[in-house]
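No experiment lies behind these values; they were computed from the predicted model shown.
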Amino acid sequence: MIKILIADDESYERSLLGEIIDKRFGREAEIRMAENGRLAVDAAALWAADVALMDIEMPGVNGIDAARQILAQRPECKIIFVTAYSLFEYAHEAVKLGACDYILKPVEADDVERAVRRAAAQSEAQRQLEAVAASSADLLDSADSYDKTNLLMGKVKKYLQHNYMACDISLDSVSAILNLNSAYFSTLFKRTFGVNFLDYLTELRMEAAKNLLADPLRSTAEVAGMVGYESANYFTRAFKKKVGMTPTDYRRAAAQNRGGDS
């Protein structure tokens, strides 16, 4: 069961989000409400929330500050920001915090379900990776190391597919979860997937960016934040190197192609 915390100073918004989650998740989810950021911090820690739907614009302790405090106490909690404003205003802070998604108000039921299921998938991928980490140090010495390696790298692949948008994800961070030497993990990764860790992660991010750029209302800076880059300029350089054109040019070309197909 997923523990979902809803934090919003407007009772109508809390009720609406609660109704959506109740209808879409039923017995899959347990819900708790908080009417301000301070109460959200306490509830997330004491109740051990898995996911927090966090309104950004709350009086007193706002959503960004509340999320920062929640993650300091419970780093495994997944934060989904809910806001009436474009993420652009908060992109830098949101990415630094490792927020996994955001939803614009007025909220749509499909957006809420998508974001929560994505957050739950991230949590599950992390749990699975940590579950196999205990045996990862014995891979070289084990008689069935081939099967164990395949199991481990399958979990790593799933973890990256669900967590590529985290700005702090790296070869070192994943090898630390696995209790493996980073150089050994790098060799293992390259041998398994045929590409190095950074290239694989970049490919995941760029494919996600292509899909996000299809929305003309999303700025390049916003897309950068949503795929794990704190700097929009660095994202633009990485995108051009990988795709062969800037995000703006790619968006324009994709729009022209869609127009030609209609």
So CZ of Phe239 and NZ of Lys210: to nearest 0.5 Å the spacing works out to 6.5 Å

Q) Can Gln126 and Glu130 be counted as having a side-chain donor-acceptor contact under 3.5 angstrom? A) yes

Aromatic ring pairing Phe189/Phe185, orientation class (parallel under 30°, perpendicular over 60°, tilted between)
perpendicular

Hey, are Arg114 and Asp101 close enough for a salt bridge, meaning a charged N less than 4.0 Å from a carboxylate O? yes

Cluster link Tyr229 to Leu198, ILVMFWY, side chain under 4.5 Å: no

In short, Leu171 meets Ser182 closest at the heavy-atom pair CD2-O, 4.0 Å

Would Lys78 and Asn163 satisfy side chain to side chain contact (heavy atoms under 4.5 Å, CB included), going step by step from the backbone distance to the final call?
CA-CA 11 Å; Lys78 302 301 178 184; Asn163 291 275; 3.9 Å; yes

For Gly63 and Phe81 the tightest heavy-atom approach is O-CE2, 3.6 Å

In short, Ala34 meets Arg14 closest at the heavy-atom pair O-CD, 3.5 Å

Decide yes or no on salt bridge (charged side-chain N to carboxylate O under 4.0 Å, His left out) for Asp215 and Arg251, but give the supporting numbers first.
-> CA-CA 9 Å; Asp215 183 351; Arg251 192 200 301 268; over 6 Å; no

Here the gap from Thr187 atom OG1 to Phe197 atom CZ, rounded to the nearest 0.5 Å, amounts to 14.0 Å

Separation between CD1 (Ile64) and CD (Glu57), nearest 0.5 Å, reads 9.0 Å

Grouping ILVMFWY residues whenever side-chain heavy atoms fall under 4.5 Å, the cluster of Leu5 otherwise contains Trp47

(Q) When you compare the side chain of Leu152 with that of Leu180, does any pair of heavy atoms fall below 4.5 Å? (A) yes

One should read off an interatomic distance between Thr149 OG1 and Arg191 CZ, to the nearest 0.5 angstrom, of 6.5 Å

Distance col, row Ile177:CD1 vs Lys155:NZ, nearest 0.5 angstrom, shows 14.5 Å

Problem - pair His162-Leu129: side-chain heavy atoms closer than 4.5 Å - result: no

Measuring only between side-chain heavy atoms, which start at C-beta, is Pro59 closer than 4.5 Å to Asp9? yes

Run the side-chain hydrogen bond (donor to acceptor under 3.5 Å, both in side chains) test on Glu124 and Gln128 for me, step by step, so that the C-alpha distance in whole Å, both residues' side-chain angles and the decisive distance to 0.1 Å come before the verdict.
CA-CA 6 Å; Glu124 180 59 25; Gln128 289 186 11; 3.0 Å; yes

Closest non-hydrogen contact found for Ser231 with Ala224 is O-CB, 4.5 Å

- Determine whether Val61 and Met58 fall in the same hydrophobic cluster, where Ile, Leu, Val, Met, Phe, Trp and Tyr are linked whenever their side-chain heavy atoms lie under 4.5 Å apart. no

- Query: What do the steps show when you test Leu188 against Val156 for side chain to side chain contact (heavy atoms under 4.5 Å, CB included), and what is the final call?
  - Reply: CA-CA 11 Å; Leu188 196 62; Val156 168; over 6 Å; no

For this session: Given side chain to side chain contact (heavy atoms under 4.5 Å, CB included), test Val41 with Gln73 step by step and report yes or no.
Result: CA-CA 9 Å; Val41 173; Gln73 300 178 65; 3.3 Å; yes

Here the gap from Leu204 atom CG to Met165 atom CE, rounded to the nearest 0.5 Å, amounts to 9.0 Å

Consider only side-chain heavy atoms of I, L, V, M, F, W and Y, link residues closer than 4.5 Å, and tell whether Met54 and Leu39 are in one cluster.
no

Closest non-hydrogen contact found for Lys105 with Ala84 is CB-CA, 4.0 Å

On a heavy-atom basis, the closest approach of Ala183 and Asn181 is N-OD1, 2.8 Å

Using a 4.5 Å side-chain heavy-atom cut-off and chaining through intermediate ILVMFWY residues, the residues clustered with Tyr12 come out as Ile2, Ile4, Ile6, Leu16, Leu17, Ile20, Ile21, Phe25, Ile31, Met33, Val51, Leu53, Ile80, Val82, Ile103, Val107, Val112, Val116

(request) Give the cluster check for Leu71 versus Leu46: same hydrophobic cluster or not, with ILVMFWY residues linked at side-chain heavy-atom distances below 4.5 Å. (result) no

*asked:* A quick test of your reading: do over 12 heavy atoms of other residues, nucleotides or ligands sit less than 6.0 Å from NZ of Lys157?
replied: no

| query | Given side chains that start at C-beta, do those of Met206 and Phe235 come closer than 4.5 Å, heavy atoms only? | reply | yes

Exactly one of Asp65, Thr83, Asp8 clears side chain to side chain contact (heavy atoms under 4.5 Å, CB included) with Ile56, and that residue is Thr83

Residues pairing under side chain to side chain donor-acceptor pair (under 3.5 Å) where one sits in residues 19-35, two or more places apart or in two chains, turn out to be Arg24-Asp110, Arg24-Glu113, Glu28-Arg117

*asked:* Between Arg205 and Lys242, does the side chain to side chain contact (heavy atoms under 4.5 Å, CB included) criterion hold? Intermediate values first, please.
replied: CA-CA 10 Å; Arg205 286 173 164 172; Lys242 185 70 177 179; over 6 Å; no

